[in-house]
Undergrad: 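Sharing a structure below in structure tokens format, with a few things to ask.
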Amino acid sequence: MVNLDSLNAVQKQAVIQTDGPVMILAGAGSGKTKTLVTRITYLLDEKNLSPHQLLALTFSNKAAREMRERIAHEIATIDIGALQITTFHAFCARTLRSEANFLGLSRNFTIYDEGESKAIAKALLERRGISTKEINPYEILSYIDSLKNNGYYPGRSMSEGAADPSDEYFGYFEEYESELHRANAVDFGGLITAVIQLFEKFPDVLNRYQNRFHYVLVDEYQDTNRAQFELIKMLCGKRRNICVVGDEDQSIYSWRGADIRNILDFEKIFPDVSILKLEQNYRSSKIIIEAASCVIEKNTLRKGKHMWTENPEGDVIEIVECFNDRDEAEFIAQETYKLFKSGVSYKEMAVFYRSNAQARLIEDSLRKYKINYRVIGGVKFYERKEIKDMLSYMRLIINAKDSLALSRIINVPARGVGATSLRKLEMEAVNANTSLWEIIERIVDNQRKSSGNEDYSHIKLSAKIKSSLSEFVTLINELRHLDQNQVKPSVIYEKVLHESGYYAFLKANKDYETLARLENLDELLNALTQFEESNPGATLGGFLETITLDTSTEFDEDAIPNQGEVSLMTVHGAKGLEFTHAFVVGAEENVFPSYRSVDGGENAMEEERRLFYVAMTRAMIKLYICFAQGRMLFGQVKFNGPSRFIDEIPEKLFTWKKLNNAPRKEEYNPSWKQNSKYGDTFDPYDQSQETKYDDQEVIFQVREPVRQSFHEPKFPKGSKVVHSLYGAGKVEDSEGSGADEKVMIRFSDGARKKFMVKFAPLVMA
């Protein structure tokens, strides 16, 4: 017997109203997952539905797994493996495996990832003799992705979202799909459109699936794109027992293809739909809920809910006005420490920002106060690939013998110096008992002189590689000369960024992840500029030393039991999470809301307001909203004024806290549309997940193998070692023994490299 006593009246209705189309509009913190799990349990237990007759679709394997486990816990007799609770893409992949022959695929078809898709796009350009500098492969892939998000497959006739054959990229799309078909492959977006094609072209197949699934449920419905909506509509076309659960006020992923119209227009497709609104919030205080409701009610693209709660009234919201972004970060560090001292654990606190680049100053301040933190859905600022690349350039400028830095960036961006060429150079450096840079300089000098004292003909490098090395050496030497003549570090950095080709390399990619990386590189410029301001006569070496000392500090979490970590994340990454105390930072015009949304029309601004609403409703007890009078962006201080969203919060719900020399609220004249604008690269819609790139792991072959006569590892985990090129390090991982032994070493600067012991010039420290 399913227990319904713990549900409120609307939740109970959402559970027992099983037949016909149902749309559950579930506000933030309203017990959505509990309601959905209970509804599924009710269908299985009370309605005696077979697990094979129910299909529940969601967006992550984790969410699907948690739902299956909760249902299995409620119904002890059910086989968790039989539950058809899965993601859209997993369902479509399984369907295609079963029905592959209808589309001319075999059941062992391959699902191509982004890298493989990019390789096809590059090949299509090469056939036309077009350079990737003229047309970036990601532009083609973005176009293809847009078509598939709208449910288009080759030859489909559809009035909305149909491809335009006159579009310059349409030919690429057709060739791309042909390439996939010849390779017996589909890409990620094609999983959905292939099933749509299957169901449209073969009605008998669709009929089988419609007969099988008596009930279809969709979680996080606001995140669906048009193709997913088409798929849902087909699956429930016969019985029409469709239940969608979502919140239009939390639709924040349009840049990923999510279409808010799927909620707003649901009644047009299902006129007899029952709409149930879960409006009671169980998470946050009354003040937070009222404030968030006042903000989101300014949107017009919504069905209309009025959230309420029986929770205590709670503390008023603190609007914290800071003099600049450094004061903002300082306030967060001090306040989190005060909260911790008052009994709030760090794990109950979170800091939300609009874009990843804003994290840098906050991380710096938390480290200064020795406060543990973790970056959710991303990588700590100074550990991001693009930042480590630029820091490696700077380290090489300061220290020519830094072979680790050199090996990291010698082929970044690509100069044709691949792993094989690098191994040859390293072998020569080891044999000559000198640095990697010295060997490269000697080769370049010999080439320039046509005939030198030393013969390097045995290092077989192509003329193109030698030319690339020559250009690289010239650049580094020029930069070194600037540093020796006390040119500002920020000037040297900008020269590195642009003359190395790194910026142009990233700029050519149009995806959101790359645009976020460009933001991070701009934030590194901010760090250099701020270092110069606070350190007269600042040098590049001084900056590198400062951040190395800052980031090398390791905190002993065991020293304070259950201390936990402050969570740092973008607002996109915060969706679905909750914390007792939350800080929303950068609440300024052109930051939050973003520059793009300010100029992007009303729909873009409404999505930005939904994002602000999501940030507010993550807080349970106390909410802080911070902004800075002046914020450094792209090496210059910008004065944007407080976010318009702050003005949408009734004054009775907040206190205004002014730090340092920040002006009073009444001194501001919020003329948002007259604010200065940023450059073209500023603030795309920020993705919530940032891909973590590991350091390149190359197995270096630098001397003849030495046979081992024992089976214990020569360099066990934890060993301190010295590499003849890269210096001191510690073995983080060791596998195999004898001739097969491999080690992963973390060197003193934090870089990690993998070696085969029998080839590597390693000794115990």
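Note that the coordinates shown come from a computational prediction; the quantities given were computed from them, not determined experimentally.
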Undergrad: Does Arg240 pair with Asp272 as a salt bridge, N-O distance under 4.0 Å?
TA: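 Between Asp272 and Arg240 there is a salt bridge, with a charged N closer than 4.0 Å to a carboxylate O.
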Undergrad: Inspect the contact between Glu297 and Arg302 and indicate whether a charged nitrogen and a carboxylate oxygen are less than 4.0 angstrom apart.
TA: no
Undergrad: Can Asp247 and Lys305 be counted as an ion pair, charged N to O under 4.0 angstrom?
TA: yes
Undergrad: Scan the side chains in residues 55-74 for donor-acceptor partners under 3.5 Å anywhere in the protein, sequence neighbours excluded, and list what turns up.
TA:
unit_1 : atom_1 : unit_2 : atom_2 : d
Ser60  : OG     : Ala63  : N      : 3.0
Arg68  : NH1    : Ile85  : O      : 2.5

Undergrad: Is the closest side-chain heavy-atom distance between Ile242 and Val22 below 4.5 Å?
TA: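 They are not in contact (no side-chain heavy atoms under 4.5 Å apart), so the answer is no.
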Undergrad: Can you sort out the partners of Glu648 under side-chain hydrogen bond (donor to acceptor under 3.5 Å, both in side chains), two or more places apart, ordered by chain and number?
TA: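 By the side-chain hydrogen bond (donor to acceptor under 3.5 Å, both in side chains) rule, Glu648 matches Arg609.
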Undergrad: Who are the ring pair (Phe, Tyr, Trp, His ring centres under 6.0 Å) partners of Tyr209, not counting sequence neighbours?
TA: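 Partners of Tyr209 by the ring pair (Phe, Tyr, Trp, His ring centres under 6.0 Å) criterion, ordered by chain and then number, come out as Phe199.
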Undergrad: Which salt bridge (Lys or Arg N to Asp or Glu O under 4.0 Å) pairs, counting each pair once, include a residue from residues 612-625, with sequence neighbours left out?
TA: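 Only Glu318-Lys622 qualify under salt bridge (Lys or Arg N to Asp or Glu O under 4.0 Å).
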Undergrad: So which heavy atom on Gln222 is nearest to which on Val245, and how close?
TA: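 Shortest heavy-atom separation between Gln222 and Val245 comes out as OE1-O, 4.5 Å.
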Undergrad: Once side chain to side chain contact (heavy atoms under 4.5 Å, CB included) is applied, do any residues pair with Phe102, and if so which ones, sequence neighbours excluded?
TA: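 Partners of Phe102 under the side chain to side chain contact (heavy atoms under 4.5 Å, CB included) test: Glu99, Leu198, Phe202, Val205, Arg208.
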Undergrad: Does a side-chain N-to-carboxylate-O contact under 4.0 Å join Arg283 and Glu578?
TA: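 Salt bridge flag = yes for Glu578 with Arg283.
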Undergrad: Sorted by first residue and then second, give each ring-ring contact (aromatic ring centres under 6.0 Å, His included) pair with at least one member in residues 264-307; sequence neighbours left out.
TA: Tyr221-Phe266, Phe266-Phe270
Undergrad: Is NZ or CZ of Arg239 both nearer than 6.0 Å to the six-membered ring centre of Tyr215 and within 45° of the ring axis?
TA: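 Negative - Arg239 is either too far from the ring of Tyr215 or too far off its axis.
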Undergrad: So do the side chains of Phe173 and Pro154 get within less than 4.5 Å of each other, counting heavy atoms only?
TA: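 When only atoms from C-beta onward are counted, Pro154 and Phe173 do touch, with a gap below 4.5 Å.
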Undergrad: Taking the side chain as everything from C-beta on, heavy atoms only, tell me whether Phe579 gets closer than 4.5 Å to Phe352.
TA: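 Sidechains of Phe352 and Phe579: in contact.
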Undergrad: Under 6.0 Å from the six-membered ring centre of Tyr253 and within 45° of its axis: does the NZ or CZ of Arg256 meet both?
TA: yes
Undergrad: Between Arg226 and Asn262, is the side chain to side chain donor-acceptor pair (under 3.5 Å) condition met? List the steps.
TA: CA-CA 7 Å; Arg226 217 57 182 172; Asn262 291 350; 2.5 Å; yes
Undergrad: With a 4.0 Å cut-off, would you call Asp145 and Lys148 a salt bridge?
TA: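 Salt bridge: no.
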Undergrad: To the nearest 0.5 Å, how far apart are CZ in Arg156 and CD in Gln197?
TA: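 With rounding to 0.5 Å, CZ (Arg156) is 9.5 Å from CD (Gln197).
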Undergrad: Nearest heavy-atom pair of Cys243 and Ile24: which atoms, and what distance?
TA: SG-CD1, 3.7 Å
Undergrad: Dump the intermediate steps for side chain to side chain donor-acceptor pair (under 3.5 Å) on Glu606 and Thr300, then the final yes or no.
TA: CA-CA 8 Å; Glu606 290 210 359; Thr300 59; 2.7 Å; yes
Undergrad: Could you work out, with ring pair (Phe, Tyr, Trp, His ring centres under 6.0 Å) as the rule, every residue matching His581, not counting sequence neighbours?
TA: none
Undergrad: Can you tell if the side chain of Leu49 reaches within under 4.5 Å of the side chain of His214, non-hydrogen atoms only?
TA: yes
Undergrad: Would you mind listing every salt bridge (Lys or Arg N to Asp or Glu O under 4.0 Å) that reaches into residues 42-58, with sequence neighbours excluded?
TA: none
Undergrad: Please name the pair of heavy atoms, one in Leu276 and one in Ala14, separated by the smallest distance, quoted to 0.1 Å.
TA: CD1-CA, 3.5 Å
Undergrad: Find the distance between NZ (Lys575) and CD (Gln250) and round it off to the nearest 0.5 Å.
TA: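 So the gap between those two atoms works out to 5.5 Å.
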Undergrad: In sequence, state the C-alpha distance, the side-chain angles, and the governing distance for Ser117 and Tyr176, and then conclude on side chain to side chain donor-acceptor pair (under 3.5 Å).
TA: CA-CA 9 Å; Ser117 295; Tyr176 174 87; 3.0 Å; yes
Undergrad: If the threshold is 4.0 Å, N to carboxylate O, is there a salt bridge linking Glu608 and Arg596?
TA: no
Undergrad: Can you name the residues that form a side-chain hydrogen bond (donor to acceptor under 3.5 Å, both in side chains) with Lys34, not counting sequence neighbours?
TA: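 By the side-chain hydrogen bond (donor to acceptor under 3.5 Å, both in side chains) rule, Lys34 matches Ser6.
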Undergrad: Excluding sequence neighbours, so at least two apart, what forms ring pair (Phe, Tyr, Trp, His ring centres under 6.0 Å) with Phe583?
TA: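 Testing Phe583 for ring pair (Phe, Tyr, Trp, His ring centres under 6.0 Å), a comparison that skips the adjacent residues, returns Tyr624.
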Undergrad: Taking the basic N atoms (NZ, or NE/NH1/NH2) and the acidic carboxylate oxygens, is any pair closer than 4.0 Å for Asp249 and Lys303?
TA: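 Judged by the 4.0 Å cut-off on N to carboxylate O distance, Asp249 and Lys303 do not form a salt bridge.
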Undergrad: If I compare all heavy atoms of Leu231 with all of Cys92, which pair ends up nearest, and what's the gap?
TA: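 That would be CD2-SG, 3.6 Å.
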Undergrad: State which residues pass side-chain hydrogen bond (donor to acceptor under 3.5 Å, both in side chains) with Asn207; sequence neighbours excluded, sorted by chain then number.
TA: Lys238
Undergrad: With a 6.0 Å cut-off on the ring centroids, do Phe188 and Tyr112 count as close?
TA: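 Between Tyr112 and Phe188, which both carry aromatic rings, the centre distance is not below 6.0 Å.
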Undergrad: For Ala619 and Ala582, which heavy atoms make the closest approach, and how far apart are they?
TA: CB-CB, 3.8 Å
Undergrad: At what distance, to the nearest 0.5 angstrom, does NZ of Lys12 lie from CG of Leu7?
TA: 7.0 Å
Undergrad: Taking 4.0 angstrom as the limit, do Glu565 and Lys347 come out as a salt bridge?
TA: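 Result for this pair is no, no salt bridge flagged.
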Undergrad: Taking C-beta and beyond as the side chain, do Phe109 and Leu96 meet within less than 4.5 Å on heavy atoms?
TA: yes
Undergrad: Give, for atom CD1 of Ile196 and atom NZ of Lys201, the distance between the pair rounded to the nearest 0.5 Å.
TA: 12.5 Å
Undergrad: Mind listing the side-chain donor-acceptor pairs of residues 288-296 below 3.5 Å, one per line with the distance, residues two or more places apart or on another chain?
TA:
unit_1 : atom_1 : unit_2 : atom_2 : d
Glu290 : OE2    : Lys652 : NZ     : 3.4
Ser293 : OG     : Ile289 : O      : 2.8

Undergrad: Please determine whether a side-chain nitrogen of the Lys or Arg among Lys32 and Glu220 lies less than 4.0 Å from a carboxylate oxygen of the Asp or Glu.
TA: yes
Undergrad: Between OG of Ser254 and CG of Asn225, what distance do you get to the nearest 0.5 Å?
TA: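 Here the interatomic distance stands at 12.0 Å.
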